[in-house]
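Remarks on the structure that follows.
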Amino acid sequence: MLNFRYAEANDVELYFKWANDSLVRQNSINSEKISLVDHVEWFNIKVTNPEVFMYLFFNEDDEPVGQVIIERKDDWVFISQSVAKEHRGKKYSTEMLTGSTDDFLSKFPKDTIVSVVKSSNIASLKMSEQSGFNVIKTDSKEHNCLVLKGYQQNDENYIIKYKRFFNLL
Ligand SMILES: CC(C)(COP(=O)(O)OP(=O)(O)OC[C@H]1O[C@@H](n2cnc3c(N)ncnc32)[C@H](O)[C@@H]1OP(=O)(O)O)[C@@H](O)C(=O)NCCC(=O)NCCS
């Protein structure tokens, strides 16, 4: 069983290590390596923003095992997640994704979390399905899937809007 707390300013180095993990970069929309200067600036903005929820998960031995970020923007709620390299393959991802999204949606029950996942990222698609996301495969060039969880996750107009937003039509 995992526990979480919200990230704090002194978690900046841990997040830097995780951000430049090769699989994390490979599966991100922007696959470039991140510099320490850019990371510190990014982290300080996020960790102090009340619209950004940075869930940091720990296992029974109190080791940090991964993170989920859920961010409320103007009319969009974005999510991203990673499991620390040494803790992958232990089925932590679904528990993390379910725990964080359920916590977030209990605070904002009218919100819908939306993201895109590369269709090659099988682990991510599985954890999304198992955590209650609506996973929609699209015919886009990058073969991206749209994933939604929350109030409007099955609303056709909402789905079309975000297919357009992510260039998936
Ligand atoms: C995606 C990620 C969070 C999944 O965590 P994980 O520890 O690797 O995966 P888990 O052990 O929790 O397994 C989740 C499911 O995917 C399956 N799975 C894991 N790796 C897989 C692989 N390479 N191929 C196929 N299935 C895989 C598992 O069997 C499990 O399915 P099951 O419950 O039906 O058995 C992790 O790989 C990661 O941090 N990747 C880099 C960042 C990323 O891609 N984030 C998501 C996009 S924002």
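Please read these numbers as outputs of a predicted model, since none were measured by experiment. Both counts, for ligands and for their atoms, begin at 1 and track the order of listing.
- Residue-ligand proximity: Asn121 is placed with a non-hydrogen atom under 4.0 Å from ligand 1.
- Of the protein's non-hydrogen atoms, the one nearest atom 28 (C) of ligand 1 is Lys91 CE, 4.3 Å.
- Atom 4 (C) of ligand 1 is flagged as protein-proximal [any protein heavy atom, distance under 4.0 Å].
- Less than 6.0 angstrom separates the ring centroid of Phe108 from the ring centroid of Phe53.
- Contact annotation for atom 23 (N) of ligand 1: protein absent (non-hydrogen atoms, distance under 4.0 Å).
- Side-chain contact of Asp103 with Tyr6: a donor-acceptor pair under 3.5 Å is present, judged by distance alone.
- Contact annotation for Lys126 and ligand 1: only side-chain heavy atoms (C-beta onward) come within less than 4.0 Å of the ligand.
- Atoms of ligand 1 lying under 4.0 Å from any heavy atom of Gly89, numbered from 1 in the order shown and given with element: 6 (P), 7 (O), 8 (O), 11 (O).
- Under the 3.5 Å distance criterion, with hydrogens and angles disregarded, no donor-acceptor pair is assigned to the side chains of Gln81 and Ser93.
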Inset, instruction - Kindly indicate, with the supporting measurements, whether the criterion side-chain contact (heavy atoms from CB on, under 4.5 Å) is fulfilled by Asp75 and Lys161. - result: CA-CA 11 Å; Asp75 65 342; Lys161 174 177 162 184; 3.1 Å; yes
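- Looking at Lys46, Lys107, Arg72 one by one, the single match for salt bridge (charged side-chain N to carboxylate O under 4.0 Å, His left out) with Glu51 turns out to be Arg72.
- Note on ligand 1: Met96 sits outside its first shell, no heavy atom being nearer than 4.0 Å.
- Residue, atom and distance of the protein heavy atom nearest to atom 33 (O) of ligand 1 are Gln130 NE2, 3.2 Å.
- No N or O atom of Leu23 sits closer than 3.5 Å to an N or O atom of ligand 1.
- Not a single donor-acceptor pair under 3.5 Å links the side chain of Ser28 to the backbone N or O of Ser31.
- Proximity annotation for atom 10 (P) of ligand 1: of Ser93, Ser120, Ala123, Ser93 comes nearest, heavy atoms only.
- The distance criterion of under 3.5 Å between nitrogen or oxygen atoms is not met by Ser82 with respect to ligand 1.
- Not less than 6.0 angstrom separates the ring centroid of Phe4 from the ring centroid of Phe58.
- Checking only distances, Thr94 never comes within under 3.5 Å of ligand 1, N or O to N or O.
- Interface atoms of ligand 1 facing Tyr92, defined by a heavy-atom separation under 4.0 Å, are 12 (O).
- Every atom of ligand 1 with a heavy atom of Ile122 under 4.0 Å away is listed here by number and element: 25 (C), 26 (N).
- Thr112 and Gln153 share no donor-acceptor pair across their side chains, judged by distance under 3.5 Å alone.
- For atom 17 (C) of ligand 1, the protein comes within 4.0 Å by at least one heavy atom.
- The side chain to side chain contact (heavy atoms under 4.5 Å, CB included) test with Phe133 is passed by exactly one of Thr98, Leu125, Val117, Thr101: Thr101.
- In this model, no donor atom of one side chain and acceptor atom of the other lie less than 3.5 Å apart for Tyr151 and Asp111.
- For Phe78 and Trp76, the gap between ring centers is short of 6.0 Å.
- Ranked by closest heavy atom to atom 37 (O) of ligand 1, the top entry among Lys118, Gln81, Arg88, Glu129 is Arg88.
- Contacts with ligand 1 closer than 4.0 Å are made by heavy atoms of both the backbone and the side chain of Val83.
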